[in-house]
Chemist: 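Here it is: the structure, laid out below.
Quick note: numbers below take in every heavy atom, side chains included, and nothing from hydrogens, waters or symmetry partners.
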Amino acid sequence: MIDFFKKMMEQALDLERTVRFTKRDGTWFAALGDELDSLSLEELGAYRAELEAMLCDMDNQEPEDMSGEAFEQWADAHESLEDLLSETEDRIDELCAV
């Protein structure tokens, strides 16, 4: 599952697009959305809140064994999510500077 999140976040970063995750009936789905540059300040704020909530959820699921494969996968996905959040915050800063 972590690989799924990591792959989608990396794809979103590469394409400079948003990625939306939803869970229905216990199954996760992801969809690439609008380019970050096309979102309004309000939309970016909402997207940032979604990413922060996901990061919080991910923090709560951190594997206890820091030397195992599960931790390495979790850490990679966590870093990708932090990068996506950082890109979103950079775009918000750009719009606020104008």
Side-chain angles (χ1 to χ4, degrees):
M1 180 57 69
I2 292 293
D3 286 337
F4 168 73
F5 288 117
K6 183 176 179 284
K7 223 179 267 185
M8 288 304 299
M9 288 181 283
E10 287 175 350
Q11 188 175 8
L13 283 168
D14 289 343
L15 298 173
E16 296 181 358
R17 299 183 69 129
T18 61
V19 62
R20 305 285 180 162
F21 294 100
T22 55
K23 189 175 184 180
R24 290 188 304 255
D25 299 324
T27 302
W28 282 97
F29 298 91
L32 289 176
D34 298 324
E35 292 182 6
L36 287 176
D37 289 348
S38 70
L39 297 179
S40 69
L41 189 56
E42 183 177 303
E43 291 168 322
L44 285 165
Y47 185 55
R48 176 179 57 190
E50 286 178 33
L51 295 175
E52 289 171 338
M54 283 188 61
L55 195 57
C56 184
D57 288 344
M58 193 174 237
D59 286 341
N60 292 333
Q61 297 173 5
E62 180 178 351
E64 290 185 25
D65 179 10
M66 295 179 131
S67 62
E69 178 69 24
F71 181 80
E72 187 175 317
Q73 290 176 338
W74 175 89
D76 286 345
H78 193 273
E79 183 178 350
S80 294
L81 183 55
E82 287 177 325
D83 290 346
L84 192 55
L85 179 58
S86 179
E87 289 290 323
T88 302
E89 290 173 338
D90 288 348
R91 180 63 183 142
I92 289 171
D93 290 344
E94 287 174 14
L95 289 177
C96 288
V98 173

Chemist: If I take atom NE2 from residue H78 and atom CD1 from residue I2, how far apart are they, to the nearest 0.5 angstrom?
Modeler: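 Rounded to the nearest 0.5 Å, the NE2-CD1 separation comes out at 10.0 Å.
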Chemist: Working to the nearest 0.5 Å, report the span between CD1 of I92 and CG of L36.
Modeler: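 Separation between the atoms: 9.0 Å.
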Chemist: Any chance you could measure F71, atom CZ, to E64, atom CD, to the nearest 0.5 Å?
Modeler: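 F71 atom CZ to E64 atom CD measures 11.5 Å (nearest 0.5 Å).
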Chemist: With side chain to side chain contact (heavy atoms under 4.5 Å, CB included) as the test, would you mind laying out the steps for L84 and Y47 before giving the verdict?
Modeler: CA-CA 10 Å; L84 192 55; Y47 185 55; 3.4 Å; yes
Chemist: Would you find more than 12 non-hydrogen atoms of other residues, nucleotides or ligands less than 6.0 Å from E52 atom CD?
Modeler: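 Yes - once you tally the heavy atoms of other residues, nucleotides and ligands closer than 6.0 Å, there are more than 12.
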Chemist: Rounded to the nearest 0.5 Å, how far apart are CD of E79 and CD of E10?
Modeler: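 It is 9.0 Å, given to the nearest 0.5 Å.
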Chemist: Look up atom CE in M58 and atom CD in E82, then write down how far apart they are to the nearest 0.5 Å.
Modeler: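 Reported value, rounded in 0.5 Å steps: 9.5 Å.
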Chemist: What pairs with S86 under side chain to side chain contact (heavy atoms under 4.5 Å, CB included), at least two apart in sequence or on another chain?
Modeler: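 Result, side chain to side chain contact (heavy atoms under 4.5 Å, CB included) vs S86: D90.
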Chemist: Just to verify, what does E50 make a side chain to side chain donor-acceptor pair (under 3.5 Å) with, not counting sequence neighbours?
Modeler: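 Partners of E50 under the side chain to side chain donor-acceptor pair (under 3.5 Å) test: R20.
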Chemist: May I ask you to check whether S67 and D65 show a side-chain donor-acceptor distance below 3.5 Å?
Modeler: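 There is such a pair (donor and acceptor under 3.5 Å, judged by atom type) between the side chains of S67 and D65.
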Chemist: For the pair S80 (side chain) and M9 (backbone), establish whether a donor and an acceptor sit closer than 3.5 Å, ignoring hydrogens and angles.
Modeler: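 Checked: no pair found.
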Chemist: Can you name the nearest heavy-atom pair linking A30 to F4, along with the distance?
Modeler: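 Taking A30 first and F4 second, the nearest heavy atoms are CB-CZ, 3.6 Å.
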Chemist: Would Q73 and K6 count as a side chain to side chain contact (heavy atoms under 4.5 Å, CB included) if you check the C-alpha gap in whole Å, the side-chain angles of each, and the deciding distance to 0.1 Å?
Modeler: CA-CA 8 Å; Q73 290 176 338; K6 183 176 179 284; over 6 Å; no
Chemist: Nearest heavy-atom pair of L51 and L85: which atoms, and what distance?
Modeler: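 Distance-wise, the nearest heavy atoms are CD1-CA, 3.8 Å.
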Chemist: Enter the distance from D57:CG to Q61:CD here, rounded to the nearest 0.5 Å.
Modeler: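 Going from the CG atom of D57 to the CD atom of Q61 covers 6.5 Å.
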Chemist: Taking only Lys NZ, Arg NE, NH1 and NH2, and the carboxylate oxygens of Asp or Glu, determine whether E94 and R91 approach each other closer than 4.0 Å.
Modeler: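 Salt bridge present between E94 and R91.
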Chemist: Could you go through the side chain to side chain contact (heavy atoms under 4.5 Å, CB included) check for Q11 and V19 one step at a time?
Modeler: CA-CA 9 Å; Q11 188 175 8; V19 62; over 6 Å; no
Chemist: If we ignore hydrogens and angles and just use 3.5 Å, is the side chain of W74 paired with the main-chain N or O of E69 as donor and acceptor?
Modeler: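 No, W74 side chain to E69 backbone: no donor-acceptor pair under 3.5 Å.
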Chemist: Quick one: does R17's side chain have a donor or acceptor within less than 3.5 Å of a partner on G33's backbone?
Modeler: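 A pair under 3.5 Å: yes.
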Chemist: Give a yes or no answer on whether the side chain of E43 reaches the backbone of S40 with a donor-acceptor pair at less than 3.5 Å.
Modeler: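 The answer is yes, because a donor-acceptor pair under 3.5 Å joins these two groups.
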Chemist: Flag the pair E16 / E87 as yes when at least one side-chain heavy-atom distance between them is below 4.5 Å, and no otherwise.
Modeler: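 Counting from C-beta outward, E16 and E87 never come under 4.5 Å.
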Chemist: Decide if the gap between the ring center of F29 and the ring center of F21 is smaller than 6.0 angstrom.
Modeler: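 Judged by ring-centre distance (under 6.0 Å), F29 and F21 do not meet the cut-off.
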